[in-house]
Colleague: 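My structure is below; once you've seen it, I'll send some questions.
Labels below follow one simple rule: chain letters A, B, ... track the order of the sequence lines, proteins then strands, and each chain is numbered from 1.
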Protein chains: 2
Amino acid sequence: MKRNSRLSLALHTLSHMAFDTEDAQTSADIADHAGTNPVVVRRVLGKLRSAGLLLSERGHSGGWRLARETKHITLADVYDALGESFVAPRGQTDARTCSVAQSLEVQVSQIMKDIEESLVERLSRTTIADIQNSTKREPSHAH
Amino acid sequence: MKRNSRLSLALHTLSHMAFDTEDAQTSADIADHAGTNPVVVRRVLGKLRSAGLLLSERGHSGGWRLARETKHITLADVYDALGESFVAPRGQTDARTCSVAQSLEVQVSQIMKDIEESLVERLSRTTIADIQNSTKREPSHAH
DNA sequence: GACACCCGTAACTGCTATTGTTACAATAAG
DNA sequence: CTTATTGTAACAATAGCAGTTACGGGTGTC
Ligand code: FES
Ligand code: FES
């Protein structure tokens, strides 16, 4: 898997689950179709559950289910749920740097924040269902 | 230093150098005022030189100079010079993934590319000189 | 109750990117 | 020739992330 594969994994899994909303899917199944490990799946999907996008059940015949229709899950919902951000998690603004550096920090941070906002806005315009609709019918794998 | 400190280092150094365009500055001096190491400085500034933003001279009384006025160096110039990018350096699009995943990849990549473009456009609107002008006169350190 | 199934989480490894550091060849000035 | 400085290679230290193993705890089946 590539860099920051969590978003890809989350989106792919949500799309995949929409094909069978009846049965709960186990992390092992999901890991298998995503080419990764069950624990990795549980880690990522756990964040989606915290954000209210998914439900999980323990024990026999447990697994993961969509908490709502993919028509009502946007890419921004997923992005937010993962807590990812282009804006560097600004550490304390080191009070002993010079005023020029501080000004730089402020201005660049502002631009990053604007861009981040713009990204989220773009992501919020597409739902998981939109992705599926833009795909040719009957993908090559069995559902 | 924090994550991806190269942009900060580059911008701060360019700003700093604008205060004294007469003398060349050594990487040791720059490293000192930036709180890092001369080799790190040479690595980062080397990219700015490749991009034509700086000039360097070897040997006695050598060092670094601005290749043009800070009025004509935008934040985008620096960003580009460093070769940084928010858009993940997309590896080969793994032909054996399912069509849904491919569709996801395409659509997310497109959004990222648009955002990247938008970021560069924003950065190109601010010059190094603008940063200095927005700073209170006489910063706390000596120039 | 015994068992099988499955999530939640901690702990560890391996990989990669980044930063810092030392070392040294090449180059230029005095 | 000596000194100053860049250019670069090599290496260590750190941090983040994907992957893996292990196990506790919950839940349905028998
Ligand atoms: S949507 Fe890609 S494996 Fe099902
Ligand atoms: S501009 Fe910050 S140390 Fe000079």
Side-chain angles (χ1 to χ4, degrees), chain A residues 1-13 17 23-51 53-67 81-91 94, chain B residues 1-10 12-13 17 23-51 53-67 81-91 94 97:
Chain A
M1 306 194 88
K2 301 177 288 291
R3 163 194 139 182
N4 216 6
S5 62
R6 285 167 299 189
L7 183 61
S8 298
L9 174 57
L11 293 175
H12 190 186
T13 301
M17 289 177 65
D23 305 317
Q25 311 236 336
T26 70
S27 57
D29 290 341
I30 296 169
D32 189 60
H33 90 253
T36 181
N37 189 284
V39 176
V40 174
V41 170
R42 293 201 287 266
R43 279 205 284 245
V44 173
L45 266 46
K47 295 189 176 186
L48 302 189
R49 185 195 46 211
S50 300
L53 305 181
L54 285 178
L55 301 173
S56 66
E57 288 167 33
R58 292 183 171 190
H60 199 111
S61 76
W64 300 83
R65 293 172 185 281
L66 289 169
L82 296 180
E84 310 210 332
S85 175
F86 283 155
V87 179
R90 287 300 155 196
D94 207 344
Chain B
M1 305 194 89
K2 300 176 288 290
R3 163 193 138 182
N4 217 4
S5 62
R6 285 167 299 190
L7 183 61
S8 298
L9 174 58
H12 190 186
T13 301
M17 290 177 65
D23 305 316
Q25 311 235 338
T26 69
S27 57
D29 290 341
I30 296 169
D32 189 59
H33 92 252
T36 183
N37 188 286
V39 176
V40 174
V41 170
R42 294 201 287 266
R43 279 205 284 245
V44 172
L45 298 195
K47 296 189 175 186
L48 302 189
R49 185 196 47 215
S50 299
L53 305 181
L54 286 177
L55 302 173
S56 66
E57 289 167 32
R58 290 184 171 190
H60 199 115
S61 76
W64 301 82
R65 294 170 186 281
L66 289 168
L82 296 179
E84 309 211 332
S85 174
F86 283 155
V87 179
R90 287 299 157 197
D94 206 345
T97 57

Colleague: Taking CG from B:Leu45 and P from D:dT8, how many angstroms apart are they, rounded to a whole number?
Modeller: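 Checked: the CG to P distance equals 13 Å.
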Colleague: What pairs with A:Arg43 under side-chain contact (heavy atoms from CB on, under 4.5 Å), at least two apart in sequence or on another chain?
Modeller: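 Expected list: A:Val39, A:Val40.
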Colleague: Is any side-chain nitrogen or oxygen of B:Ser27 closer than 4.0 Å to OP1 or OP2 of D:dT5?
Modeller: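 B:Ser27 to D:dT5 OP1/OP2: no side-chain N or O under 4.0 Å.
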Colleague: Could you tell me which residues satisfy salt bridge (Lys or Arg N to Asp or Glu O under 4.0 Å) with A:Arg42, sequence neighbours excluded, listed by chain and number?
Modeller: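 Salt bridge (Lys or Arg N to Asp or Glu O under 4.0 Å) check on A:Arg42 returns nothing, list empty.
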Colleague: Report the C-alpha distance between A:Leu82 and A:Leu48 in whole Å, list the side-chain angles of each, state the deciding distance to 0.1 Å, and finish with yes or no for side chain to side chain contact (heavy atoms under 4.5 Å, CB included).
Modeller: CA-CA 7 Å; A:Leu82 296 180; A:Leu48 302 189; 4.1 Å; yes
Colleague: Nucleotides 27-30 of chain C: which of its N/O atoms have a protein N/O under 3.5 Å away?
Modeller:
{"from": "C:dT27", "atom 1": "O4'", "to": "B:Arg58", "atom 2": "NH1", "distance (Å)": "3.3"}
{"from": "C:dA28", "atom 1": "N3", "to": "B:His60", "atom 2": "N", "distance (Å)": "3.4"}

Colleague: Looking at B:Thr36, does any N or O in its side chain come under 4.0 Å of the phosphate oxygens OP1/OP2 on C:dG20?
Modeller: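 Affirmative; the distance criterion is met.
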Colleague: Return the set of residues passing side-chain contact (heavy atoms from CB on, under 4.5 Å) with B:Ala24 (not counting sequence neighbours), or none when no residue passes.
Modeller: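 Partners of B:Ala24 under the side-chain contact (heavy atoms from CB on, under 4.5 Å) test: B:Arg65.
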Colleague: Quick check on DNA chain D: between B:Gln25 and B:Arg43, whose nearest nucleotide comes earlier from the 5' end?
Modeller: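 That would be B:Gln25.
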Colleague: Is any side-chain nitrogen or oxygen of A:Ser5 closer than 4.0 Å to OP1 or OP2 of D:dA18?
Modeller: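 Checking A:Ser5 against D:dA18: at least one side-chain N or O falls below 4.0 Å of OP1 or OP2.
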Colleague: Please give, in whole Å, the distance from C:dC5 C1' to A:Ile30 CD1?
Modeller: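 Atom CD1 in A:Ile30 sits about 15 Å away from atom C1' in C:dC5.
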Colleague: Starting at atom CH2 of A:Trp64, determine the distance to atom P of C:dC7, rounded to an integer number of angstrom.
Modeller: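 About 7 Å, once rounded to whole Å.
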Colleague: Does A:Ala67 have any side-chain contact (heavy atoms from CB on, under 4.5 Å) partners at least two apart in sequence or in another chain, and if so, which?
Modeller: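 With neighbours one apart ignored, the set is A:Leu55.
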Colleague: Round to the nearest Å and state the distance from B:Leu54 atom CG to D:dT6 atom P.
Modeller: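 The distance from CG of B:Leu54 to P of D:dT6 comes to 12 Å, rounded to the nearest Å.
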Colleague: In whole Å, I'd like the distance from the CG atom of A:Asp23 to the C1' atom of C:dC6.
Modeller: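 Answer to the nearest Å: 15 Å.
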Colleague: Less than 4.5 Å apart, any side-chain heavy atom of A:Gln25 and any of A:Thr13?
Modeller: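 No - every pair of side-chain heavy atoms lies 4.5 Å or more apart.
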Colleague: Quickly work out the A:Leu82 CG to D:dC17 P distance and round it to whole Å.
Modeller: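 Taking atom P of D:dC17 as the reference, CG of A:Leu82 is at 12 Å.
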Colleague: Check whether any side-chain N or O of B:Arg6 sits under 4.0 Å from OP1 or OP2 of C:dT18, and answer yes or no.
Modeller: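 Yes, B:Arg6 has a side-chain N/O under 4.0 Å of OP1/OP2 on C:dT18.
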Colleague: Rounded to whole angstrom units, what separation is found between the CG atom of B:Asn37 and the P atom of D:dA10?
Modeller: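 Those two atoms, CG and P, are 18 Å apart.
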Colleague: Expressed as a whole number of angstroms, how long is the span from A:Arg42:CZ to D:dG24:C1'?
Modeller: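 Result: 12 Å.
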Colleague: Nearest to the side chain of A:Val39 - D:dT21, D:dT6, C:dT21?
Modeller: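 Closest nucleotide among those given: D:dT21.
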Colleague: Kindly write out the residues that satisfy side chain to side chain donor-acceptor pair (under 3.5 Å) with A:Asp29, not counting sequence neighbours, or none if the list is empty.
Modeller: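 Here the qualifying residues are A:Thr26.
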